[in-house]
Amino acid sequence: MDNKDIATLIVDGHTYKLPIIRGTEGEVGLDISMLRSISGLITLDPGYVNTGVCSSAISFVDGEKGILRYRGYPIEQLAQHSSFVETAMLLVYGELPTHAERTAFGNMLGDQALLHEDLMHHFEGFPPHGHPMAILSAVINSLGTYYPDLLQIDNKNELYLAVAKLISKVRTIAAFSYRKSVGRPIIYPDPSRSYCENFLHMMFSVPYKEHVPSDEALRALDLFLLVHADHEQNCSCSTVRMVGSSDANLFASVSAGICALWGRLHGGANSAVIHTLQNIHDGDYSVQEYIEMVKRKEFRLMGFGHRIYKNYDPRAKILKECAINLLNTLTIKDPLLDIAMELQETAMQDDFFISRKLYPNVDFYSGLILRALEIPVNMFPVMFAMGRMPGWIAHWFEQYQDQGLRIHRPRQIYIGQNERDYIAMDKRTQQSTFQFQRA
Ligand code: ACO
């Protein structure tokens, strides 16, 4: 290691040497893993704003330039030429598949779409209006109990099988949870259909009438899933890695990822955007009034802002164009599209958003595509989870193979009471200081 690979840290007159790690795209990081043992110091970084937790070869994001690449391929090229299933293979296995590999994997997805009949009873145990994200997470975790041999993956064949099961069955579980929530009979998967066609069939066919989606609808759904397929160390992916770092199995780890995705600051944002647009449409407030409320920090403009992107999220560009084309070809006039465009234009001319570098993110236009496909709003985060499944698996597997893996266990700065003696109940005079405050 020469001098350019060493950083010097001076604290209280003591000098410490820290290795510099360089990524293939020129990113530079300080390796502080030995800092505490050599100095007694830890680093404090709430929200992991500036903390790299691993080296990864899956996705590259340059938030300043608005660049996203999967395994080196620009998202725009994949969106134009690839498909969700092909991209899923790229993410998990590292390279674009050959024709034969793609066909074999497609067949496996078809074969794996069914759920074990016993697992079907789980759906009956949920209340009719149980949120489909809760059902998805619970059933994905339960799935592992049916495949004990896959709870530890020892060879390529087991990996192929686990990957096919998860990518295929997530769509079956998603569709069944929807059918359950609306009290419709379950429609079994049909392996002769493509990935997206099969999903829409399970969602919308009825015993007396088959759902036949248009090519445009299928392409839009495929694109939606593709652009959601990975996004490096986001909250849900980090959760998958965190859980997986304890050597938890793949099913448990991605189930935890689904829970992390559910929050409205992450995968729950796409439905929140539609609620906002709907409220404006219903006349609760105008676009300008809404922007003023956001600026007064009464709430956030959902679908805007990103931890990494300080420029236009490239996925938002792709999905905006897709939403406009889809609505045009299906000849649907969705008033929420006009409101979304007005909201974007107004926000992007306002110094509040300009100075904070807040741009539309992937969630801003995605809900308009899902609405056009007649996917109900409470299913939006589930759709995100279906798309993100390959990314979670790829990250779990990358970490699983890491010989130097250590359990994820962050540190803290303790700010509580110093040591004190236990007080018997009859001697306690002071009221509890417990307070509840929610931002
Ligand atoms: N609307 C209004 N103000 C915002 C928004 C927003 N959407 N996002 C950030 N800000 C403001 C913050 O209030 C803060 O202002 P301040 O400096 O005056 O305090 C500043 O911008 C920086 O915000 P942070 O909270 O530090 O940004 P962070 O990186 O922690 O959060 C996040 C990123 C969660 C995505 C945030 O932008 C947000 O809440 N957006 C809305 C929810 C959303 O769309 N989530 C989906 C994200 S993409 C995804 O998960 C797929």
Side-chain angles (χ1 to χ4, degrees), residues 44-52 59 61 63-64 66 68 70 75 133 223-240 257-277 279-280 285 287-320 340 343-370 377 380-392 395 438-439:
L44 181 65
D45 181 21
Y48 307 127
V49 177
N50 196 32
T51 294
S59 286
V61 181
E64 271 69 36
L68 168 61
Y70 295 163
I75 189 70
M133 275 301 256
L223 192 60
F224 170 92
L225 297 174
L226 186 154
V227 301
H228 284 84
D230 192 46
H231 207 246
E232 51 123 292
Q233 309 304 320
N234 55 81
C235 177
S236 56
C237 171
S238 306
T239 302
V240 171
I258 293 169
C259 294
L261 185 71
W262 193 356
R264 73 191 165 95
L265 297 187
H266 193 9
N270 53 14
S271 37
V273 172
I274 294 296
H275 289 305
T276 301
L277 301 177
N279 289 344
I280 294 173
Y285 24 70
V287 164
Q288 195 56 52
E289 283 165 348
Y290 190 81
I291 292 288
E292 292 308 319
M293 288 189 279
V294 170
K295 287 164 64 179
R296 287 198 299 273
K297 299 202 172 179
E298 290 176 28
F299 36 70
R300 289 186 171 200
L301 177 51
M302 302 313 271
F304 252 72
H306 199 277
R307 171 63 59 79
I308 306 285
Y309 291 118
K310 302 302 166 200
N311 199 327
Y312 214 114
D313 178 340
R315 302 166 302 172
K317 259 186 209 156
I318 293 169
L319 292 184
K320 179 180 180 182
L343 199 51
Q344 177 192 319
E345 210 169 298
T346 312
M348 288 180 64
Q349 284 169 7
D350 193 301
D351 190 55
F352 178 94
F353 296 88
I354 297 170
S355 61
R356 290 173 179 77
K357 299 186 176 165
L358 301 172
Y359 292 84
N361 62 47
V362 68
D363 292 311
F364 196 67
Y365 287 100
S366 65
L368 294 165
I369 296 172
L370 298 178
V377 176
F380 286 11
V382 170
M383 303 302 297
F384 193 149
M386 269 172 61
R388 186 53 57 87
M389 186 56 79
W392 290 332
H395 282 272
R438 174 95 164 91

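Both ligands and their constituent atoms are indexed starting at 1 by order of listing.
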Students should find this: residues with any non-hydrogen atom under 4.0 Å from ligand 1. What is the answer? L265, H266, A269, V294, K297, R300, L301, M302, G303, F304, G305, H306, R307, F352, R356, L358, N361, V362, D363, F384
Could you walk me through whether Y309 and H231 pass ring-ring contact (aromatic ring centres under 6.0 Å, His included), step by step? CA-CA 11 Å; Y309 291 118; H231 207 246; 5.2 Å; yes
Inter- and intrachain pairs under salt bridge (Lys or Arg N to Asp or Glu O under 4.0 Å), touching residues 301-318, at least two apart: D313-R315
Exam field: side chain Y365 to backbone P360, donor-acceptor pair closer than 3.5 Å: no
When you measure from the side chain of N234 to the backbone N and O of E232, does any donor-acceptor pair fall under 3.5 Å? yes
Main-chain N/O of A260 paired to S236 side chain as donor or acceptor, under 3.5 Å: no
For a quick test of reading the model, state the closest non-hydrogen atom pair linking V294 to F353 and the distance between them. CG1-CZ, 3.7 Å
